[in-house]
Number of protein chains: 2
Amino acid sequence: MVENTGANTHTKRALEELRQRILSGAFPGGTRLFEVALAEDLQVSRTPVREAMSRLTEEGLLERARNGGFLVRSFDFADVLDAIELRGVLEGTAARLAAERGVSDARLKEISEIVRQLDTCFGNGPDDVDFDAYSELNGQYHLVLAALPGSATLEREIARATRLPFASPSAFLPDRRQLSAFRRSLGLAQDQHHQIIHAIVRREGARAEALAREHACAARRNVEYIFSADSSVAQTVPALALVGQGNRNDD
Amino acid sequence: MVENTGANTHTKRALEELRQRILSGAFPGGTRLFEVALAEDLQVSRTPVREAMSRLTEEGLLERARNGGFLVRSFDFADVLDAIELRGVLEGTAARLAAERGVSDARLKEISEIVRQLDTCFGNGPDDVDFDAYSELNGQYHLVLAALPGSATLEREIARATRLPFASPSAFLPDRRQLSAFRRSLGLAQDQHHQIIHAIVRREGARAEALAREHACAARRNVEYIFSADSSVAQTVPALALVGQGNRNDD
DNA sequence: TCAGTATCAAATGTATTCATATCTCGGCTG
DNA sequence: CAGCCGAGATATGAATACATTTGATACTGA
């Protein structure tokens, strides 16, 4: 049995290009993607385009239309808030199970290191936060947290649902007031990260779960605040831009 | 723009046949599925086989191998227990949100009807339970419950994770003692169904969540009991047979 | 005998061609 | 004038031929 594969450079190209276009908001939610048009545009045949769309469906960026074909999934404000809620629940579960079952030293070391790096993003003062680095590391933190319990199925499903929704804060922070509020909230979030890890180490499952949930509630309040403070932001930022951190499965 | 689709009878056939084979345990977990072999076997070309495998990957029954190709996902006992745990958490969230946000009369009517039908499965006495009908309806109950909150994204993710794992009890109940224990537990489960609906109607979010979680814990205990009581069952029943109720997306 | 290399076969990737379903549009008919 | 029906356009479904990658094996030389 030859466990082989043919060439896949075209599929890979199509996949990456399409993903990038979707995440950048090139296609409004609900847009139907046509194989032929994309194939011409990407200079490949329909086959790798189909393959790419299928994979993007698995990733949650597309959905299959009722009668065939693919649509760009659309997310509205309520979806984003719900996704944060869901994420809090799942991460809470992950944290609780990690505390109940115990965590390998390697994993604990891994996530502690991430938290340590998160600390460094705050620099020397409250006005010196590296938003982009923080956001990137924060995504890793959540993924590793979701992976803690050590069950393949659980890990997989939690990671899937956790991955979907998250705001990249630096993308939509127009005015000074909001920036300042966001810095404060990031400081609180960072405290919560430390507390969650502590609770896991101390094997306090209920507390770890509650903390992770509160963490998500704080994130929810932040997003609500930002969008409500300036309604133009809600309309300007495509909801899809909030989606997809660490969603890749490239090799 | 013709929102069209070509014929899909071959894909449909391949999809249903493959799904059935996987769920029936024809392929042990980890088995690699080869396009050519399946295409010959099913008397179709590789194209619809590929398409079917891609969709089964979305359903969670297959996974993509590192270097291309598809593997049958394998689930062990721990995976099944974890899946039940996860399910309880998600359904708890669904119940809580339903209680907090309120539920449309139509939806409430829908799920109340399912619970009513579940009641009828118990017949006239404790020895007259229609397991198959109960199991079927129970799956519907869970899916509708997951759909209650009314947010498309949330609904989708909850339904996805909820769908994955559940035991079909009648499939592995060999001896009289277990059967009797199972009847009792089903009665308790049915009580819990009623209580959850009541809590949602009364807008008691925390209670609804706690009840749904307890419901899952009971299910977990049942499965643990059955598998521990007769270790041969755990080895005989392919874990995959526990997967996939209401996972269809046929039209 | 072992190691390294070359060759082959097996499996998937890609392109192309044909088939088929459905949506649109125009004309016919009541 | 409205509604239905049919033909054409369009998009996806399916089949097939060809390309490419990679694992396995056999052969050769040390």
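Order of the sequence lines fixes the chain letters, A, B, ..., with proteins taken first and strands second; residue numbering starts at 1 for each chain. Only this structure's heavy atoms are used, side chains among them; waters, hydrogens and symmetry mates stay out. None of the values given here were measured: they were computed from a predicted structure.
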Minimum-distance nucleotide (side-chain atoms of [X] versus [options]):
X      : options                   : result
V44(B) : dG23(D), dA15(D), dA15(C) : dA15(D)
F34(A) : dA15(D), dA11(D), dC23(C) : dA11(D)
V36(B) : dA11(C), dT12(D), dG23(D) : dA11(C)
R32(B) : dA15(D), dA11(C), dT14(C) : dA11(C)

Gap between atoms [atom1] and [atom2], on [X] and [N] respectively (whole Å):
X      : N       : atom1 : atom2 : value
Q43(B) : dA14(D) : CD    : P     : 15 Å
K12(A) : dT12(C) : NZ    : C1'   : 16 Å
N8(B)  : dA21(C) : CG    : P     : 9 Å
E51(B) : dT20(C) : CD    : P     : 18 Å
R50(A) : dA15(C) : CZ    : P     : 14 Å
E40(A) : dT16(C) : CD    : C1'   : 14 Å
L38(A) : dT12(D) : CG    : P     : 9 Å
L62(A) : dT12(D) : CG    : C1'   : 16 Å

Review point. Side-chain donor-acceptor pair under 3.5 Å between E16(B) and Q20(B), yes or no?
Key: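 No, no side-chain donor-acceptor contact under 3.5 Å.
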Revision key, fill the gap. On DNA chain D, more 5' by nearest nucleotide between E35(A) and P48(B) is E35(A)
Study note, to complete from the structure: Smallest heavy-atom separation, I114(A) atom then L137(A) atom, equals CG2-O, 3.8 Å
Review point. For dA15(D), does OP1 or OP2 lie under 4.0 Å from any side-chain N or O of S45(B)?
Key: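 For S45(B), the contact criterion (side-chain N or O under 4.0 Å from OP1 or OP2 of dA15(D)) is met.
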Exercise for review: Respond yes when some side-chain nitrogen or oxygen of H10(B) is under 4.0 Å from OP1 or OP2 of dA19(C), and no when none is.
Suggested key: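 Looking at the OP1 and OP2 atoms of dA19(C), neither is under 4.0 Å from any side-chain N or O of H10(B).
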**Study point:** E113(A)/R116(A) salt bridge by N-O under 4.0 Å criterion
**Key:** yes
Review point. Salt bridge or not for R55(A) and E59(A), using N-O below 4.0 Å?
Key: no
Practice item. For R46(B) and E51(B), run salt bridge (Lys or Arg N to Asp or Glu O under 4.0 Å): C-alpha distance rounded to whole Å, both residues' side-chain angles, the deciding distance at 0.1 Å, then the answer. Key: CA-CA 9 Å; R46(B) 281 171 51 206; E51(B) 176 73 13; over 6 Å; no
Review point. Counting any heavy atom closer than 4.0 Å, what does R46(A) reach on the DNA or RNA strands: base, sugar-phosphate only, or nothing?
Key: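 The answer is base, as R46(A) lies within the cut-off (heavy atoms under 4.0 Å) of a base atom.
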